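Okay, structure first, notes after.
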Amino acid sequence: MSVTALEKIAPDGAVTPTGTGAAVVSVRGLSKQFGAGPMVMAGLDLDIQHGSKVAIIGANGTGKSTLIRMLVRLVEPGGGDIRLLGEDIRRLGAPGLKRLRSRVGFVFQRHNLVTRLSALTNVVHGVQSRMSGPRSWTQLLAPREVRAEAMHCLERVGLADKAMARVDTLSGGQSQRVAVARMLMQRPELVIADEPDASLDPKSGEEVMATLAALASEQNATLIFVSHRMEHAIRFSERIVGLGGGRVALDQPSHMVSEAELMRFFHHD
Amino acid sequence: MIDVIKPKVSHLPPRIERMNPISFTLTFGVAAFVIWSLTTAGPSVEQLARGLPNIGNILSRMFPPDLERIDRILWSLFQTFQMAIAGCAIGLILSVPLGILAAEGLSPHPAIRTAARSLIAVFRTVPDLVWALIFVIAVGLGSPAGVLAIAIDVMGFAARFFAEAMEETDKGPREALSALGANKLGMIMSAVLPAALPSMIATSLYCLEKATRASVVLGLVGAGGIGVELKVAFDLFAYQTAATIILVILMLVIAVEQTGGWLRRKII
């Protein structure tokens, strides 16, 4: 990988924590290869402190989505160590992994909602992080307090009036906000978002990002998001981590970089 | 004057590719077997010439249909339909868990999936009349045997289609629920079944049509329903009564098929 101007500012692979608490994510020597393909990760190190907002950027194929998916083992890590919320994720059995995942809210690029069901039922599904059985499967059977909490989550994303609307009748931006409400229903300590603004028009994308960042601040939750929109990376994060060559190739406080500099990082990568 | 274009082509491919000896032997063998089957098992021209007037004779003796026992026939038809409904309901309810066990990615273990698929194959391969004969021996003459035969036949059909419908659902919602720590049952009930529901309803309606047709003939082997009435009418040469029974069966089957088709269009 070629050297960029930003790399000169940031020590190679070094971490500049912007959060205040203990590390919620600690990655050491992470490597990953899919089949006989090239190494997606090659000894990546990364620490993320509690309460911080971190944007992960990088060109296509640099392993941004793979990295955040490996954090909760939606993709199995190759070599190296990952500690998430104090847990060594590689040592966790199925029940332990389920417990850990229940503490992490994950927002996907495609909202991944059940489109035939109402917005409210989709938000109620978020309670499955701490409750199981038929009463968590649909708003029809959900206990009163669960329905009330789900409605509150929809209110926080500005969609209370769409509670009973089927998701396939909502716009892309509204659907993504329902997905954010489902994530809130989880009461997560850490929020991970994989390009939540990618499939949305600029206005909806910005609304979703603003909602996510505001909610993370309100809850003092850590926010890690992947984005291809440099203006979002700068505006909604405190720290920008750029991936390249299977490692952290850029690590800067957001206020110290401009869009033009980030674009240069992309072009040199 | 238009010039006639005569393209100069050095080589034209053959219209039919030359067959290799194995393909030729197989094709010839299959054709020979079909002809042999037609000559030994099929009706001869002489039999057809003799039989056609007989069919005409029976049809003429069926007309006009005898409506004297219509109330009893309609009641029997109603019981037949109930048999179809009950068998279908049992079969469809059991098809849901069986379909889940047979679905890739939802079954708890590959060995369980193979076992479920094998069971479904057995249910599907054995004809419903054979199941009826088995259940007549097991539970005795009457509609319970018919209901059980229909249920097994429905499971052989519906469980396979339910499994396929569930496998084809969008994996995204499943992944989202897995990522938030939901258990497998929660994922299936919250994400998979709601997404597969339209396809499962269409399959269920088709099963009801199939079960209605099956319930009519199961009576021929003593498994209850209007088939018994039809057999008795033919045995006693009461062709006009038989005509009435055939007509009401036809009306029921058409009504169920039409209603099923309408519901499918409304739901999907």
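First the proteins, then the strands, lettered A, B, ... as listed; each starts at 1. Source: prediction; values computed, not measured.
Crowding of A:Glu218 atom CD: a count of heavy atoms from other residues, nucleotides or ligands under 6.0 Å exceeding 12. For B:Phe24, the CZ atom is loosely surrounded, since the number of other residues' heavy atoms within 6.0 Å does not exceed 12. Within 6.0 Å of NZ on A:Lys32 lie more than 12 heavy atoms contributed by other residues, nucleotides or ligands. Taking a 6.0 Å sphere around CD of A:Gln33, one finds it holds more than 12 heavy atoms contributed by other residues, nucleotides or ligands.
With a threshold of 4.5 angstrom between heavy atoms, A:Val72 does not approach chain B through any atom at all. For chain B, no part of A:Thr138 is nearby; none of its heavy atoms comes within less than 4.5 Å. In this structure, the portion of A:Leu117 lying under 4.5 Å from any heavy atom of chain B is its side chain and not its backbone. In this structure, chain B has no heavy atom under 4.5 Å from any part of A:Arg99. Heavy atoms of A:Arg130 lying under 4.5 Å from chain B are absent altogether.
By a heavy-atom distance cut of under 4.5 Å, not one residue of residues 120-140 of chain B is near chain A. Scanning residues 162-186 of chain B against chain A with a 4.5 Å heavy-atom cutoff picks out B:Asp170, B:Gly172, B:Pro173, B:Glu175, B:Ala176, B:Leu177, B:Ser178, B:Ala179, B:Leu180, B:Gly181, B:Ala182, B:Asn183, B:Leu185, B:Gly186, ordered by number.
The side chain to side chain donor-acceptor pair (under 3.5 Å) check on A:Thr121 picks up A:Ser118, with sequence neighbours excluded.
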For residues 97-112 of chain B, which side-chain donor-acceptor pairs fall under 3.5 Å, sequence neighbours excluded?
unit_1: B:Ser107; atom_1: OG; unit_2: B:Leu101; atom_2: O; d: 2.5
unit_1: B:Ser107; atom_1: OG; unit_2: B:His109; atom_2: O; d: 3.4
unit_1: B:Ser107; atom_1: OG; unit_2: B:Arg113; atom_2: N; d: 3.4
unit_1: B:His109; atom_1: ND1; unit_2: B:Ala111; atom_2: N; d: 3.0

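Residues A:Ser136 and B:Ser190 come closest through the heavy atom pair O-OG, 4.4 Å. Across A:Gln128 and B:Met187, no two heavy atoms sit closer than the pair OE1-N, 4.2 Å.
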